[in-house]
Amino acid sequence: MHKVIKLLLIVLCWQLFDCSIGHATAKVLPLQNSTNAINLKSHWQVLEDKSGSLTINDILRLEQADSSKAERTPKAANGFRLLSGNLSASYTRSVFWLKLDLQRQDPATSTEWWMEVTPNMLDDVRAYHVQNQNIISTHRSGDHTRFVDGETRHRLAVYRLAIADTEKHSIYIRIQTSSALYFSAHLYTPQAFAEASNFQSSLLGVFYGIMLAMIAYNLILMFGYRDNANVFYLLLSVLTLLVGFNNNGHLALYFEPDNVWLIELIQSLAVPSLLLFYSLFINSFLQLPKIMPNIAKGFRILQIFAVLIMIAVLAGYNSYVAATAQILAFIQMIVVIPIGMLIGWRGYRPGYIVVAATTAWIAGGLLVILRNLGVIESSWLSEYGFQIGAAIEIILLALAQADRINIIKNENALAQAQLLSISQKAEQELESKIQQRTKEMAELIERLEKLDKQKNEFLGIAAHDLKNPLTGIIGLSDLMRKLEPSITPEQRYSYLERISRSGNRMMHIITNLLDVNAMESGNAKLEKNTINIVELCHQVLIQYEHNLRAKELQYQLNFSDTEYASNPPSLMVLVDQNACFQVLDNLISNAIKYSPIGKLITIQLSRHEEFAQICIQDQGQGLTAEDQQRLFERFSKLSSVPTAGEHSTGLGLSIVKKLTEAMGGTVSCESEFGNGCSFVVELPLAKQKDSKD
């Protein structure tokens, strides 16, 4: 394997620097009638003029000196040597001279011969038809020569040679170019040239047809699918067609036969333009910024270099940057292959197609390069390698585009299905939320209606309850005023006591209203302290001694735990003192209010793990099951009524529940209709540390 690589490198170097094999003499090419082209490869003799100053006259003098074995002139220090293959010198500043000796073998052989030379990109090619040291005709071609001045209207340069006799004729060709130097030529009879030209036109027509079809196809895709990759693919296809059109000579032949500089400029911009648009297409098509952001940055750097090279070409420095552009383009194509394979392996199928397309383009271009270097023989495959590779590449990229569009369609369909599923789910959730909100609204409306009803009931109760004591106060005041001279002190005291009770009743109603409003608005502020619940119960009972005596009621204050039955007893809780007093006040007040005359009220105190329990039990008529369900609601009217005609606003138990829960406790009721009622309040015990404080 190493020997093969070494041999290949030797051949390449040999072709680049000196692809000739020296011989003293060369054979004369015999001319015979044939319908086939005569490939002039290996029939040429070559001379390199490094100074570029030799003229045809200098060459002829050199030849004459060789023939007479005279001393050579200083300018002709090196003579002609036989060339093996076609002339290939890569990028060089030297001028090369080629010599071909021709001779008709038969007087019946055609006297008119056409020499077709390729490629068109050479700057200046001059041919001299010489016989016996005399110049018979001069021919000129190259991209510095207008196509309109050509001898034959053909895409390539064609020199018409008249071989009138059967003597030896010599053709000298001078080649000078700033692009890569490769030269090949074929001899035809006029009939053979027509047949070969028709065959070449057919092949190129297929190439142009494929390219135009792909461009039209991509136009349809571009208008159907707004995507940057489609735009870059279209630009790449158009540019590839333009480069092929120019390299084949058709651009100058049909469009700009008089414009030399434009044709040369297009040729110079071809490689960096292909580098730029291929990089843009690959970057967008393979979604490199998303999948491989670091690789995408490398492609952006290549794009910047491509633009800089194009600017240098426009500034007239093509000879300095042409090789760099070709190297970068070749490196980019090589790099695209593993990238496409990796992306395809990750599940993006168009990546494999890009690899195949790039490989086809590289193979086609490589055939042309190897032909130009003289490594492989010139053939129709190497002659049209670029066109074949470009056509295959464009077709495969079109297939990749179609596959990508299918992937996009499938992704869009999947996305639409997901969106539909999300939409349906969102619709169901929305409908569920609407139903829930509707239910909540209905409950809120029902609650508002209930509150409105309670408000109306409360206003009626409040108006009634406030009206009665006000009526009593006003009536007793008027009575005292009228009977002032005649009433006794005992009567006056009785009237004033009744007025005081009516005022206290009004104050109680108003206080309850204010307490409810404070708790509903969140303005009620509690300050928890450690208090003795036993003492607080005694304070409440002392307040109601008159009421107890009036109804001949007895009460008992019991302790379940003997530890707390000491004298004086204590049971410490962590509560707000005023709130706790109000809770006990309402419950003991209710027990007195609903107890028949002469009954017993029991207040049971007990201590549990984390709370103190106060159980207030009366021997009234008790509560029904329906009463117990709405016992702690505001403005609730229960079936039981006070036993001595006392008044009730329906707010007391509601206040008890809110205050108890605000202090971290609970309140509950146990009752059986006809057997009294027992309210149980649980309040948090004070910790030992708090109790000491």
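- Counting heavy atoms from C-beta on, the side chains of Leu420 and Gln416 never come closer than 4.5 Å.
- Taking a 6.0 Å sphere around CD of Glu429, one finds it holds more than 12 heavy atoms contributed by other residues, nucleotides or ligands.
- In Gln604, the CD atom is crowded: over 12 heavy atoms of neighbouring residues, nucleotides or ligands sit closer than 6.0 Å.
- The closest donor-acceptor contact from the side chain of Asp576 to the backbone of Glu527 lies under 3.5 Å.
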Stepwise side-chain contact (heavy atoms from CB on, under 4.5 Å) test for Asn558 and Thr602: CA-CA 8 Å; Asn558 300 326; Thr602 303; 3.7 Å; yes
Steps toward side-chain contact (heavy atoms from CB on, under 4.5 Å) verdict (Leu286, Ile291): CA-CA 8 Å; Leu286 294 182; Ile291 301 175; over 6 Å; no
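- In terms of modelled atom types and a separation under 3.5 Å, the side chain of Ser421 and the main chain of Ala417 share no donor-acceptor contact.
- Leu600 and Gln619 make their closest contact through N-OE1, 3.4 Å (heavy atoms, listed as atom of the first residue, atom of the second, distance).
- Taking each heavy atom of Ser237 and Ile215 in turn, the nearest pair found is CB-CG1, 3.7 Å.
- Using modelled atom types, one side-chain atom of Asp618 and one backbone atom of Cys677 make a donor-acceptor pair closer than 3.5 Å.
- The two residues Lys593 and Lys551 have their closest heavy-atom pair at O-NZ, 3.3 Å.
- Separating the CD1 atom in Ile395 from the CD1 atom in Ile353 is a distance of 13.0 Å, to the nearest 0.5 Å.
- Rounding to the nearest 0.5 angstrom, the gap separating the CZ atom in Phe299 from the CG atom in Asn294 is 13.0 Å.
- Every residue meeting the salt bridge (charged side-chain N to carboxylate O under 4.0 Å, His left out) condition with Glu661, not counting sequence neighbours, appears here in chain and number order: Lys657.
- Heavy-atom neighbours of Phe305 CZ from other residues, nucleotides or ligands within 6.0 Å: at or below the threshold of 12.
- Between Phe281 and Tyr278, the ring-plane angle classifies as tilted under the 30° and 60° cut-offs.
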Evaluation steps, side-chain contact (heavy atoms from CB on, under 4.5 Å), between Cys580 and Gln582: CA-CA 5 Å; Cys580 188; Gln582 192 171 357; over 6 Å; no
Worked check of side-chain contact (heavy atoms from CB on, under 4.5 Å) between Cys669 and Val680: CA-CA 6 Å; Cys669 177; Val680 179; over 6 Å; no
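- One distance of note links CD1 of Ile339 with OG1 of Thr358; it measures 10.0 Å at 0.5 Å rounding.
- For Ser671 (side chain) and Gly676 (main-chain N/O), a donor-acceptor pair under 3.5 Å exists by modelled atom type.
- Nearest heavy atom pair, residue Gly598 against residue Leu553, reads N-CD2, 3.9 Å.
- With rounding to the nearest 0.5 angstrom, the OG1 atom of Thr660 is 7.0 Å from the CG atom of Leu587.
- Counted by atom type alone, Ser678 and Glu670 present zero donor-acceptor pairs between their side chains at under 3.5 Å.
- Taking all atoms of both residues into account, the shortest heavy-atom contact from Arg607 to Leu571 is CB-CD1, 4.0 Å.
- Rounding to the nearest 0.5 angstrom, the gap separating the OH atom in Tyr352 from the CG atom in Leu396 is 16.0 Å.
- Counting non-hydrogen atoms of neighbouring residues, nucleotides and ligands closer than 6.0 angstrom, the CD atom of Gln539 exceeds 12 such neighbours.
- If you take CG on Leu685 and CD on Gln613, they are separated by 11.0 Å, rounding to the nearest 0.5 Å.
- The two residues Leu275 and Ala329 make their nearest non-hydrogen contact at CD1-CA, 3.8 Å.
- In this structure the side chain of Thr666 never reaches within 4.5 angstrom of the side chain of Leu683, judged on heavy atoms.
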Would you tabulate the side-chain donor-acceptor contacts of residues 431-444 under 3.5 Å, counting partners in other chains and residues two or more places apart, or write 'none'?
{"from": "Gln436", "atom 1": "NE2", "to": "Glu440", "atom 2": "OE2", "distance (Å)": "3.3"}
{"from": "Thr438", "atom 1": "OG1", "to": "Ile434", "atom 2": "O", "distance (Å)": "2.5"}

